[in-house]
Protein chains: 2
Amino acid sequence: MPTIDREIHRFQEFLLHQGQKLTKERTALVREIFGTHYHFEADELLFKMKQKSVKISRATVYRTLELLVKSGLVRRVHLGEDHYHYEHVRGDSHHDHLVCTACGSVIEFNDPELEQRQLEICARKKFTPTFHNLQILGVCDSCRRKGEQPASPDRVMSIGEGAMRLRK
Amino acid sequence: MPTIDREIHRFQEFLLHQGQKLTKERTALVREIFGTHYHFEADELLFKMKQKSVKISRATVYRTLELLVKSGLVRRVHLGEDHYHYEHVRGDSHHDHLVCTACGSVIEFNDPELEQRQLEICARKKFTPTFHNLQILGVCDSCRRKGEQPASPDRVMSIGEGAMRLRK
DNA sequence: TCGCAGCTGAGACTTAGTCTCATCCATGCC
DNA sequence: GGCATGGATGAGACTAAGTCTCAGCTGCGA
Ligand SMILES: [Mn+2]
Ligand SMILES: [Mn+2]
Ligand SMILES: [Zn+2]
Ligand SMILES: [Zn+2]
């Protein structure tokens with residue numbers, strides 16, 4: 001996978017630029033993240049590494065995710081659950097999320113008109129925006145057909161593959 | 001304050017309807033919430049009660065907030081920090097938030113055009129929305145004038161009055 | 001006024017994430 | 001390649017925010 005090697009290279013460039021090092025743990029994490037996952041959780045990543053018998057500590061997972069976010073390769077997002085999710089930044093494009101509270105699936109969208117309207121609101125309030133965070137919770141098409149009911153606002157049914165607890 | 005008594009009455013109606021009781025602890029919390037705060041944290045509320053020598057446990061604070069949310073008198077919101085905030089629902093109107101990362105102030109807005117655009121996006125994706133959550137982080141007008149720089153996306157400078165730690 | 005279903009407080013527990021520190025190793029320089 | 005060294009790692013203690021348990025208390029309808 002030459003694509004992943006390019007991500008690793010980009011990460012190394014970022015690291016070296018700050019006098020930091022590309023270790024085998026960091027390489028393994030980048031490989032895992034860009035090889036498999038999409039919206040994932042820190043603990044899920046930790047579990048996947050354990051499964052593959054690649055021994056990496058929780059501290060390193062969190063530290064590496066923080067570096068990846070700083071480097072711009074990964075983005076940290078809220079999806080309506082009580083913990084963060086991460087996603088790899090492909091290309092660049094900002095997007096927001098529709099989250100199905102019945103099956104946990106996530107639909108991405110990028111709507112320039114919506115973004116524009118947000119800027120207008122900020123201008124009207126003399127507010128200088130740097131960042132925003134929008135999730136729309138509801139029921140996806142296939143769940144609606146199956147007759148799934150909208151869940152209570154704050155109970156999203158686990159997004160992603162549900163990382164299997166690691167701590168005893 | 002006859003207004004607060006009306007809120008208390010509404011809460012009692014809600015409770016009785018479910019075979020639940022209006023206790024003095026619940027009354028005291030409603031009085032505090034509707035008398036003083038706006039966007040507040042659970043721990044902040046706990047601290048305020050302690051200050052006033054009204055002895056209420058953390059468990060009761062959280063349990064009462066949950067009931068108030070269910071009753072529709074209070075709403076639980078994300079404002080870009082790692083914990084929830086609560087606000088009293090006055091009238092009814094849904095709104096979203098601009099959060100200043102320099103001073104922690106919160107500006108509310110309700111923009112029907114933005115809401116409409118969200119519905120259009122959902123329709124296009126055949127998604128049935130039930131709820132959404134939008135925060136725009138940035139720098140408010142008065143902070144911008146003071147030359148405050150936009151903080152890193154995930155470091156909001158404490159919103160509200162910063163509840164003073166209670167646990168040792 | 002009484003009975004009891006529902007409520008409370010103290011503190012143990014949980015989840016998600018951060019921090020510490022002794023030890024390890026990636027990189028740059030010879 | 002070998003070495004030096006400052007950054008990185010792992011184990012596990014620690015923290016923050018919130019949930020749960022259970023013995024004793026209390027609001028409220030009869
Ligand atoms: Mn995404
Ligand atoms: Mn608000
Ligand atoms: Zn679904
Ligand atoms: Zn400000």
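Throughout, a chain's letter reflects where its sequence line sits, starting with A, and its residues are numbered from 1. Small disclaimer: the values here were computed from a predicted structure and weren't measured. Hydrogens, waters and symmetry mates play no part in the numbers below; they use all other heavy atoms, side chains included.
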_Tell me the interatomic distance from B:Leu46, atom CG, to C:dG11, atom C1', rounded to whole angstroms._
14 Å

*Could you tell me whether A:Lys48 and A:Glu32 make a salt bridge, using a distance below 4.0 angstrom between a side-chain N and a carboxylate O?*
no

*Write down the distance between CG (B:Asp43) and P (D:dG18), rounded to a whole number of angstrom.*
8 Å

*Identify, with sequence neighbours excluded, every residue that meets side-chain contact (heavy atoms from CB on, under 4.5 Å) alongside B:His97.*
B:His39, B:Val77, B:Leu79, B:Glu87, B:His95, B:Val99, B:Val106, B:Glu108

*In whole angstroms, how far is the P atom of C:dT15 from the CD atom of A:Glu41?*
13 Å

_Counterpart residues, side-chain contact (heavy atoms from CB on, under 4.5 Å), relative to B:Arg144 (two or more places apart)_ = A:Thr128, B:Val139, B:Asp141

_Nucleotide nearest A:Tyr62 (side chain, heavy atoms from C-beta), chosen from D:dG18, C:dG17, D:dA8_ = C:dG17

*Side chain of B:Ser57 - closest among D:dG12, D:dT9, C:dG9*: C:dG9

*Heavy-atom donor-acceptor pair, A:Arg63 side-chain to D:dG10 base, under 3.5 Å*: yes

*Under the salt bridge (charged side-chain N to carboxylate O under 4.0 Å, His left out) test, residues paired with A:Glu115 that sit two or more places apart*: none

*Take the C1' atoms of the five end pairs on each side of the helix from C:dT1-D:dA30 to C:dC30-D:dG1, derive the two axes, and give their angle rounded to 10 degrees.*
30°

*Considering heavy-atom distances to DNA chain C, does A:Ala42 or B:Gln18 have its closest nucleotide positioned more toward the 5' end?*
B:Gln18

*Using whole Å, report how far CD of A:Glu81 lies from C1' of C:dA16.*
12 Å

*Within the structure shown, what part of the strands sits under 4.0 Å from A:Arg26 by heavy-atom distance: base, sugar-phosphate, or nothing?*
sugar-phosphate

*Measure the distance from CD1 on A:Ile8 to P on C:dA26 and round it to the nearest whole Å.*
14 Å

*A:His83, nearest nucleotide to its side chain (from C:dA16, D:dT21, D:dA11)*: C:dA16

*A:Lys70: salt bridge (charged side-chain N to carboxylate O under 4.0 Å, His left out) partners, not counting sequence neighbours*: A:Glu66

*Could you state the NZ-P distance from B:Lys24 to C:dT8, rounded to the nearest angstrom?*
8 Å

*Does anything in residues 125-140 of chain B pair up under salt bridge (charged side-chain N to carboxylate O under 4.0 Å, His left out), and if so which pairs, sequence neighbours excluded?*
none

*In chain order, what residues pass the side-chain contact (heavy atoms from CB on, under 4.5 Å) check against A:His9, with sequence neighbours excluded?*
A:Glu13

*How are the rings of B:His88 and B:Tyr38 set relative to one another: parallel (under 30°), tilted (30 to 60°) or perpendicular (over 60°)?*
perpendicular

Identify each atom pair where a protein N or O and an N or O of nucleotides 28-30 of chain D are less than 3.5 Å apart, giving names and distance.
{"unit_1": "D:dC28", "atom_1": "OP1", "unit_2": "B:Gln12", "atom_2": "NE2", "d": "3.3"}
{"unit_1": "D:dC28", "atom_1": "OP1", "unit_2": "B:Leu22", "atom_2": "N", "d": "3.2"}

*Relative to the ring of A:His132, is the ring of A:His94 parallel (under 30°), tilted (30 to 60°) or perpendicular (over 60°)?*
perpendicular

*Rounded to the nearest angstrom, tell me the gap between atom CZ in B:Phe40 and atom P in D:dG18.*
12 Å

*For A:Glu25 and B:Glu66, take the nucleotide of DNA chain D holding the closest heavy atom to each; which residue's nucleotide lies nearer the 5' end?*
A:Glu25

*Check the distance between D:dT19's P and B:Leu67's CG and give it to me in whole angstrom.*
12 Å

*Under the salt bridge (charged side-chain N to carboxylate O under 4.0 Å, His left out) test, which residues partner B:Lys21, sequence neighbours left out?*
none

